[in-house]
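Since the structure is predicted, the reported quantities are computational estimates derived from the model, not experimental observations. Remember, it's 1-based here, ligands and their atoms both numbered in the order they're listed.
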Amino acid sequence: MKSIVILALLIVFTSCSTKKETEMKDYPIVPVPFTSVKVNDAFWAPRIRLNHDVTIPIALDQCYKTGRVDNFLFAARIKSGSFCTQYPFDDSDIYKIIEGASFSLQTFPDRNLEARIDTLIEYIGKAQEPDGYLYTNRTIDSTNLHPWAGKKRWEKDPEGSHELYNLGHLFEAAVAHYQATGKRSLLDIAIRSADLLVRDFGPGKLAYEPGHQVVEMGLVKMYRVTGKSEYLDLARFFLDIRGKGTEYSQDHMKVTEQTQAVGHAVRAMYMYSGMADVSAITGDQSYVIALDKIWSDLTGSKFYITGGIGAEAGHEGFGPPYVLPNMTAYNETCASIGEVYWNSRMFLLKGESSYYDILERILYNGLISGVSLSGDRFFYPNPLGSKGQYERSEWFGCACCPSNVCRFIPSVPGYVYAHTDERLYVNLFIGSQASIEFGKNILRIDQKTLYPWEGKVEFIIRPEKSTKLELAIRIPGWAQKKPVPGDLYTFSTNDSSTFGITINGEPVDYNMEKGYAVISRKWKDGDRVELQLPMSIKYVKANEKVDADKGRVAIQRGPLVYCAEWPEFADGKVLELEAPRIENLKSEFRPGLLSGVTVISDGNFTAIPYYSWANRGQGEMIVWMKEDSH
Ligand SMILES: [Zn+2]
């Protein structure tokens with residue numbers, strides 16, 4: 001926790017060189033920003049492109065079509081009309097799409113998109129009240145409020161007005177937009193709102209706890225960009241006043257006393273992320289002690305094999321330990337995204353690979369299942385079984401998931417690498433070219449791989465000056481016979497295959513540290529590191545306490561979980577399938593199927609990656625098949 005990092009750690013400032021660089025304490029490990037990692041592989045690069053070309057534009061169109069933009073125009077008195085969408089948090093979708101567009105613009109400069117965003121920012125500015133208050137529902141007509149909004153500002157936030165939630169997303173969008181474009185337009189709006197919060201809330205002032213967390217993360221980002229410590233203090237205040245309400249919004253006890261993942265899953269993930277942020281900056285370990293317990297509870301008893309979390313639809317949240325029904329699994333796409341946010345932060349605090357084992361499982365399974373291969377259809381829940389009742393939708397009345405996809409996908413390259421002064425961490429295997437600053441030296445690292453389809457990963461190291469550095473390569477748990485860190489899932493397949501590492505074709509000495517193979521040497525231009533991960537097909541079994549998976553197995557190969565879906569079966573029936581004998585199963589890449597996937601097949605039986613299901617119409621699907629009875 002000693003290392004001091006420069007404010008600009010998450011950022012490539014291209015057009016704001018006048019910015020004062022303030023040194024502040026932050027995470028001991030620094031992520032390499034997505035702007036420094038150019039993804040060029042066959043798996044992620046097309047998804048990031050599709051998000052820019054299809055998902056963001058249609059999400060913007062939907063905001064116009066559904067009245068979300070009109071709400072701002074009404075509040076700005078540019079048009080007259082009354083609040084015309086279903087929820088008071090609909091403002092947040094626009095903020096999240098601006099955040100996503102801002103990220104995406106850094107990879108794909110696009111004047112048309114930038115202009116569309118500028119127009120929205122102008123409306124947002126005009127919808128903001130002079131003192132910084134921004135909540136279209138009240139500004140449009142304070143005498144005809146949404147039932148969730150209180151008569152007075154903020155007073156019903158704990159019960160669901162979402163005034164603070166909207167601002168949390170505004171703050172995140174403003175920081176992203178400023179970093180992407182150097183324009184202060186949205187940042188200045190956000191500063192006015194954040195300053196209002198500082199005036200209204202705090203010791204001796206209002207003490208309403210945020211009903212739907214995210215303002216804590218947003219305030220921390222605002223603090224990083226502005227250096228205003230009041231924002232950090234307020235984030236901490238909003239965490240520390242919890243404990244007066246219900247489990248639903250993790251308000252049932254002080255955050256530092258919480259030990260279990262409970263309540264609404266998205267709220268939980270955003271709160272835990274905020275706790276990690278505040279802890280990283282303030283050094284307060286009491287948050288981390290709580291987070292460690294909650295993380296063990298979640299990954300040990302409330303976590304689907306696809307990475308999905310939040311088993312129950314009723315409260316969009318966690319059920320009891322080990323109660324993980326498959327066909328009704330809720331597993332909101334937003335909860336998966338929030339889980340990535342939280343686990344990446346835990347890694348940055350501690351440098352342990354187990355957080356990335358969880359993160360990778362979510363990323364390749366229960367998160368990208370949230371968007372169709374065409375980029376224009378979305379899942380809100382991500383169940384693990386279907387009778388044919390599920391299909392992705394164009395949009396939702398509550399559109400949190402599509403707008404979250406918009407902002408998450410462009411940020412994926414930012415999860416590949418991280419570093420300290422003396423170590424480079426490789427966390428994800430994604431073909432890319434990265435450029436990383438180590439003091440006065442610049443290290444380029446090219447990654448070449450056909451992951452997740454093949455296990456060979458090649459790194460070409462290109463330091464500007466030959467330099468001593470530790471390269472820490474994450475060896476996934478699944479490559480070391482452990483699908484997850486706890487005992488919720490285990491491989492039932494005996495398999496002796498293991499990973500291997502060479503440098504310039506020669507075996508190399510490395511130390512295993514916290515799940516990483518650490519190679520320490522003086523690197524010279526062109527050094528070639530090759531990692532070979534074992535891509536054997538394995539059956540996974542759930543802990544016997546999970547009734548829903550009793551007598552059943554799931555297929556995993558590499559980081560991917562597989563499912564059987566109706567189009568591969570003549571009668572379209574898969575729910576009663578018995579798992580084939582594993583020794584008969586083979587993997588085979590089919591470039592023409594589902595945008596190119598490796599299937600697992602024995603001739604009669606074919607399984608596809610879970611994320612790719614429901615792209616060919618409605619029908620049966622199953623992840624957990626009956627165990628082979630032979
Ligand atoms: Zn959602």
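In terms of modelled atom types and a separation under 3.5 Å, the side chain of His315 and the main chain of Phe318 share a donor-acceptor contact. Between the Tyr489 side chain and the Phe303 main chain, a donor and an acceptor come within less than 3.5 Å of each other.
A salt bridge between Lys221 and Glu172 is present, with a side-chain N of the basic residue lying under 4.0 Å from a carboxylate O of the acidic one.
Within a 6.0 Å radius of NZ in Lys244, more than 12 heavy atoms belonging to other residues, nucleotides or ligands are found.
Taking a cut-off of 2.8 Å, the protein N, O or S atoms nearer than that to the Zn ion (ligand 1) are Glu332 OE2, Cys334 SG, Cys400 SG, Cys401 SG.
For the side chain to side chain contact (heavy atoms under 4.5 Å, CB included) criterion with Met271, the lone passing option out of Met217, His264, Glu216, Gln258 is Gln258.
Listed by first and then second residue, the salt bridge (Lys or Arg N to Asp or Glu O under 4.0 Å) pairs involving residues 62-74 are Arg68-Asp90, Arg68-Asp93, Asp70-Lys79 (not counting sequence neighbours).
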